[in-house]
Amino acid sequence: MDVKKLSLTAIKAMKYAYAPYSGYCVGAALLGESGRVYTGCNIENASYTPTVCAERTAVFKAVSEGERAFMMLAVVGGKDGEVTGAFPPCGVCRQVLAEFCAPDMPIILVKDADGNGETHTLSELLPLAFKLD
Ligand code: THU
């Protein structure tokens with residue numbers, strides 16, 4: 001699974017976003033060590049706080065199916081699903097990623113509808129991650 005393919009998978013996942021309140025549609029594609037890809041989208045709620053981000057949907061799908069080691073993540077988002085630039089993961093999602101992913105794991109921020117993007121490591125996005133070990 002290469003970077004471009006994972007990015008295009010995230011774009012496809014974004015189409016399932018349920019975002020009637022913010023209008024921001026987000027997609028994520030998480031590559032497990034097994035080779036399996038777990039997709040996610042944001043799912044909003046009328047009560048607002050139960051809203052879950054695309055990245056956490058993908059992580060929780062993976063972990064709940066037995067996968068705990070990951071190779072790469074692609075994230076994409078934009079107002080009404082229009083991709084106009086990078087859509088970096090929120091702080092809560094960064095913390096959830098730090099629970100399961102290595103600090104040097106690449107995170108692709110998809111920047112356009114063709115799947116072009118920029119790559120960062122998790123530790124670039126979340127330096128000094130909180131850990132209990
Ligand atoms: N959102 C994500 O899906 N991922 C993030 O990392 C940041 C924000 C979603 C949550 C909400 O549905 C919408 O984007 C606007 O905040």
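Counting convention: from 1, in listed order, for ligands and their atoms alike.
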Original post:
For Thr121, does its backbone N or O pair with a side-chain atom of Glu124 as donor and acceptor, under 3.5 Å?
Top reply: yes
Subject >> Heavy atoms from other residues, nucleotides or ligands near NZ of Lys12 exceed 12 (cutoff 6.0 Å) >> reply: no
Subject >> Taking atom 8 (C) of ligand 1 as the reference point, the nearest protein heavy atom with its distance >> reply: Cys53 SG, 3.8 Å
**OP:** Check Thr9, Val110, Leu109, Leu8 against Val76 for a side-chain contact (heavy atoms from CB on, under 4.5 Å) and give me the one that passes.
**Re:** Val110
Subject >> Where Ala28 and Leu73 come nearest, the two heavy atoms and their spacing >> reply: CB-CD1, 4.2 Å
Subject >> Beyond-backbone contact of Val75 with Val26, side-chain heavy atoms, under 4.5 angstrom >> reply: yes
Original post:
Could an N or O of ligand 1 be found under 3.5 Å from any N or O of Ala54, whether backbone or side chain?
Top reply: yes
Original post:
Relative to the heavy atoms of Thr51, which atoms of ligand 1 are at a distance of less than 4.0 Å?
Top reply: 12 (O)
Original post:
What atoms of ligand 1 come closer than 4.0 angstrom to any heavy atom of Pro89?
Top reply: 6 (O)
Original post:
Closer than 4.0 angstrom: is that true for some heavy atom of Ala19 and an atom of ligand 1?
Top reply: no
Subject >> Interfacing atoms of ligand 1 (cut-off 4.0 Å, heavy-atom, Ser22) >> reply: 13 (C), 15 (C)
**OP:** Check the side chains of Ser34 and Glu67 for a donor-acceptor pair under 3.5 angstrom, ignoring hydrogens and angles.
**Re:** yes
Original post:
Nearest to atom 9 (C) of ligand 1, what protein heavy atom do you find, and at what distance?
Top reply: Asn42 ND2, 3.7 Å
Subject >> Within-cut-off N or O pair, Cys93 and ligand 1, under 3.5 Å >> reply: no
Original post:
Counting heavy atoms only, which of Glu55, Glu44, Met14 comes nearest to atom 6 (O) of ligand 1?
Top reply: Glu55
Name each donor-acceptor pair under 3.5 Å that joins a side chain in residues 85-108 to protein atoms two or more places apart or in another chain, with its distance.
{"from": "Arg94", "atom 1": "NE", "to": "Pro89", "atom 2": "O", "distance (Å)": "2.6"}
{"from": "Arg94", "atom 1": "NH1", "to": "Leu125", "atom 2": "O", "distance (Å)": "2.8"}
{"from": "Arg94", "atom 1": "NH2", "to": "Pro89", "atom 2": "O", "distance (Å)": "2.8"}
{"from": "Gln95", "atom 1": "NE2", "to": "Phe130", "atom 2": "O", "distance (Å)": "3.1"}

